[in-house]
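Read the structure below first, then the notes.
Note that the numbering runs from 1 along the sequence shown for the chain. Counting starts at 1 for both ligands and their atoms, in listed order.
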Amino acid sequence: MQPAPAPTRRAVAATLMPVIRGLISQEGPRKVGHFDDAPEVLEFVGSHALDSLAPLGTSCPDHFLRTKIAPLVLAFDPATQQAADLLPGLEDALAAYRAGYAAYYQRCKHPDSPAMRDPNPVVYLIPGIGMLTFAADKATARISGEFYRNAINVMRGASTVSEYRGLPEQEAFNIEYWLLEEAKLQRLPRPRALAGRIAFITGGAGGIGAATARRLLQDGACVVLCDIDREALEGTRAALAKSHGADQVAAVWADVTREEALAAAFTETALAFGGLDICVCNAGIASAAPLEETSLALWQKNIDILATGYFLTSREAYRMLLTQKLGGSIIMVASKNALVASPGRRPIARPRPQSCISRAAWHWRGRRTASAPTWSTRMRCCAAAASGRAIGGAARGFLPEGFAGGAGRCLSPALAAQTQRLPGGYRRGHRLLRLRDLRQIHRQHPECRCRQRQRFHPVNQMDKFVTPQLDQAALAAQNAPLLAALQEDYEALGRGLARRGIDIEAVTRAVASFGVATPSWAVGTGGTRFARFPMPGEPRNVFDKLEDCAVIHRLTAATPTVSLHFPWDEVSDVAALKEHAAALGLGFDAVNSNTFQDHPGNPAHPLSYKFGSLTHADAAVRAQAVAHNIACAALGAKLGARALTIWVGDGANFPGQQDFTAAFERYIESVQAVYGALPADFALFLEHKMYEPAFYATVIQDWGSSLLAAQAVGERCLCLVDLGHHAPNVNIEMIVARLVHARKLAGFHFNDSKYGDDDLDAGAIDPYRLFLVFNELVGAQARQAPGFAPAYMLDQSHNVTDPIESLITSAIEVQRAFAQALLVDRAALAGFQAQNDALMASQTLKRAFLTDVQPILGMARARAGAAIEPLSAYRASGYRAAVARIRPAKAGGGGGIV
Ligand code: LRH
Ligand code: MN
């Protein structure tokens, strides 16, 4: 088949890529695309051998680790078909590919194989058009394409001399799912906040545009600079490519007043990266003239660029966002001159049109999204006076670090003062306040139903979140005086460890990539059985909770994920929640269901769980509980979580009240029903607990019951260990060893306790026990125990401390235990164990435990841009006071840990 002419090839690819990107990025991280129509690619996709060779897959392990076992071939004939003809069948083609890949996984997997990875294709072949590749970032997408080109050359070469053969699928599988490969993937650094996102910036060659580009690149986004000044454009592109990598930056020329030029620019954007997530309308001119001297031509030029240009740009952007169905942000950079003209300048520069357009687009969007699917597109308006960082932040959906807190911070201090000088200042209902309703974009946000006083709110609710003292620069300033001492302590420890044959840098790297999830339910105060004593600034909803969790991660760099609890954290706009978390640099760990309380008024829970849930004697109650768990897993999967934790309060208060075996079998039957409906590669964590107050027996009383159930249910059903769920002095590290042996260790809910399920701060009561648990974990990791991939989460309740402070210290205590366990001389220990030298064996552990690893923890934080002294940084930030000012005080009340 003859390849289509180059413009047709590009047009078809540009139409397809955003749609494919939308379809393969619904679950999990966004993908970035790459288009390749090189001669050898065109020859291959146009050859008769395509349908016979492509499914054979690539023959070189290196190749297919990047390209996946086989490409997706999209049947197409450019001579008779248009790009639009390909769209209707895409979803089915992808679903068929994913099903084929899952079947290949099921056919080839071994008992200890890692979980199936993203089943979507990497390589897409379109006859007459070329090859598309998609991956988590641009460089990987491009390299995957280059690898597939090599594969094409191999296939051509082999077919020329004899017959081409791909790798036998089992062999291919063993390489793709090699445990070492998995370990490598697990150790990859956490993606940055905007990894996989694509931004288009008009006026990108200089000023605010270029600053915005730099800011977005810092956070991992791909950026398309658009500008009318070709020379400046190339200069900025080259400079940013040098500092952030050529793969991340593209440049397109466009005159924003010309429709076709912008359409072409967005086509180039689709070809360069595969789609769009953020559009920054920023191209502007600063013309100044007294009104009476302003010519119609000058007025027209301003309107063309600042009104029509913004309209055309946001319209093109919105069209592309619509095709992807992934949501996105459109940011209008407006000038304060629209509102408060500087002396001698009539309010025409970036005049009202912007806010009118954003308002118009917003209203239009309001109408549009009311009927649109769940994903949403947000419009923002940032005062142009702000730096690229501001818009960068806005692109992340919130003002960037250090840009919030208090009215003046949105505008530069000078501007804020200027606005204050407005005659009579500003009063309720004054012109300035009209900007406020822009904040109402976020339907879920509690503030959208109340009016604020005394403050001028720039964009959205984030000004309450990050007090300036928590931004990167402020943390760096706070760290500066501590660095020298830290370095000294670190080097001293390094020398000491080197004498023990330990490389401190290796330990610090391991600590830096260690993360523990924060429990959303623990950032509010907990209580005793009888009372709760709320503190100021309690989070009101999951959005507030995520912001509090982000503060913990910001200061420790150790808590990148959050574990949610449903229905406590349920929202109707899941995409908004996911974006909120992503904007805060947070992901989600295992989600939790809740059938241990009744949920009055919740239509999904009409029946009571008084006498149990998954084990209830009444099948209707069991079905209700099963349905809830299935819904939680689906919600979790949408958010990117990979597991559901089930803890049930089911059991008996009196001997004889329950038939132990019948209840246990009902439990297994119910969990099997949940298991059968789980999203692909989603795991189930069963959480055992010896008792609840007033209980004589719980159905999943201990690890043994949990293990029996997990083994009965299925391979991805595992056992989660909450440290507080055992009788005092139970040897939990032994339980851990058993579950590792059984390949059934799901992970942990870390906390500490003196007596029962006290949910106290991890490491606060018995840090040696925590260390001994980690000694088992590090041992299992060192010997690469099959199926070992535990999830680490905190599960605590804070009655008398600021939960953020407790969670900061607890995350660090867990990290400390991990670091200490890395210092255990395992060879020596094995020797002493073999010689039954009990004392030296115990001393070997003690030596590691007694090593002060503080410098390692501090250095890991300093290098990650977090706080060397997180607690004092938190206290200095005034965060608690800041949120207390805007979150209404919660009344005290009845008991309960949450
Ligand atoms: C039960 C538990 C469980 C959670 C709950 C908040 O005690 O540990 O993990 O669901 O606390
Ligand atoms: Mn728990």
Side-chain angles (χ1 to χ4, degrees), residues 516-529 532 539 542 545 549 561-570 588-599 605 609 612-614 625 628-629 632-633 635-636 641 643-651 667 671 674 683-695 698-703 705-706 718-727 730 732 735-736 739 745-753 755-762 770 773 790-799 803 806-807 810 814 895-898:
V516 60
T518 316
S520 65
W521 58 91
V523 283
T525 43
T528 68
R529 284 198 313 149
R532 235 170 55 77
V542 64
K545 291 177 185 175
C549 294
T561 52
V562 176
S563 180
L564 296 180
H565 219 300
F566 303 128
W568 293 336
D569 297 327
E570 227 158 66
F588 293 105
D589 208 310
V591 295
N592 299 265
S593 61
N594 175 345
T595 59
F596 49 82
Q597 291 174 309
D598 284 350
H599 308 292
H605 303 268
Y609 297 123
S613 61
L614 296 174
H628 167 63
N629 279 283
C632 290
L635 196 45
L644 166 70
T645 298
I646 302 182
W647 172 70
V648 291
D650 294 26
Y667 178 85
V671 175
V674 176
L684 213 46
F685 296 173
L686 308 183
E687 185 177 1
H688 61 272
K689 184 167 175 178
M690 171 160 284
Y691 75 100
E692 270 289 316
F695 269 66
T698 55
V699 176
I700 306 301
Q701 171 143 1
D702 57 20
W703 70 277
S705 310
S706 180
L718 309 171
C719 306
L720 182 126
V721 179
D722 183 312
L723 299 192
H725 288 190
H726 307 85
V730 161
I732 297 179
I735 294 173
V736 172
L739 291 174
L745 178 64
F748 292 84
H749 279 181
F750 292 116
N751 47 51
D752 213 333
S753 50
Y755 306 102
D757 186 17
D758 308 333
D759 282 338
L760 299 174
D761 295 7
L770 188 60
V773 165
Y792 297 140
M793 295 167 275
L794 295 167
D795 178 1
Q796 300 176 180
S797 169
H798 312 103
N799 308 3
S806 277
L807 290 163
S810 304
V814 173
I897 66 155
V898 287

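Listed by number with element, the atoms of ligand 1 under 4.0 angstrom from any heavy atom of H565 are 4 (C), 6 (C), 10 (O). Taking every non-hydrogen atom of H749 and a distance limit under 4.0 Å, the qualifying atoms of ligand 1 come out as 9 (O). Within the listing of ligand 1, atoms 7 (O) sit less than 4.0 angstrom from a heavy atom of D757. Residue contact check: F596 has heavy atoms under 4.0 Å from atoms 10 (O) of ligand 1.
Here F596 and H565 bring their ring centres to under 6.0 angstrom of each other.
Taking any N or O of H725, backbone or side chain, at least one lies under 3.5 Å from an N or O belonging to ligand 1. Geometrically, ligand 1 and W647 share no nitrogen or oxygen pair separated by less than 3.5 Å. At least one N/O-N/O distance between D722 and ligand 1 falls below 3.5 Å. Residue E692 has no N or O atom closer than 3.5 Å to an N or O atom of ligand 1.
The angle that E687 OE2 and D795 OD2 make at the Mn ion (ligand 2), rounded to 10°, works out to 170°.
Taken to the nearest 0.5 Å, the CG atom of D795 stands 9.5 Å off from the CG atom of L723.
Under 3.5 Å, the side chains of T528 and N799 contain no donor-acceptor pair of N or O atoms.
For the residues D795, N751, L723, the heavy atom positioned nearest atom 11 (O) of ligand 1 is part of D795. Which of K689, M793, Q597, E687 comes nearest to atom 7 (O) of ligand 1 through a heavy atom is settled by distance: it is K689.
For the Mn ion (ligand 2), the N/O/S atoms of H749 include one lying under 2.8 Å.
A side-chain donor-acceptor contact under 3.5 Å links D650 to the backbone of S613.
The shortest side-chain heavy-atom distance between M690 and H726 does not fall under the 4.5 Å cut-off. Within the 4.5 Å cutoff, the side chain of D722 has heavy atoms near those of the D757 side chain.
Neither the backbone nor the side chain of N594 comes within contact range of ligand 1; no heavy atom lies under 4.0 Å.
Below 30°, between 30° and 60°, or above 60°: for F750 and Y792 the angle between ring planes is between 30° and 60°, a tilted geometry. Relative ring orientation between H599 and Y609 is described as perpendicular, the plane-to-plane angle rising above 60° on a 0-90° scale split at 30° and 60°.
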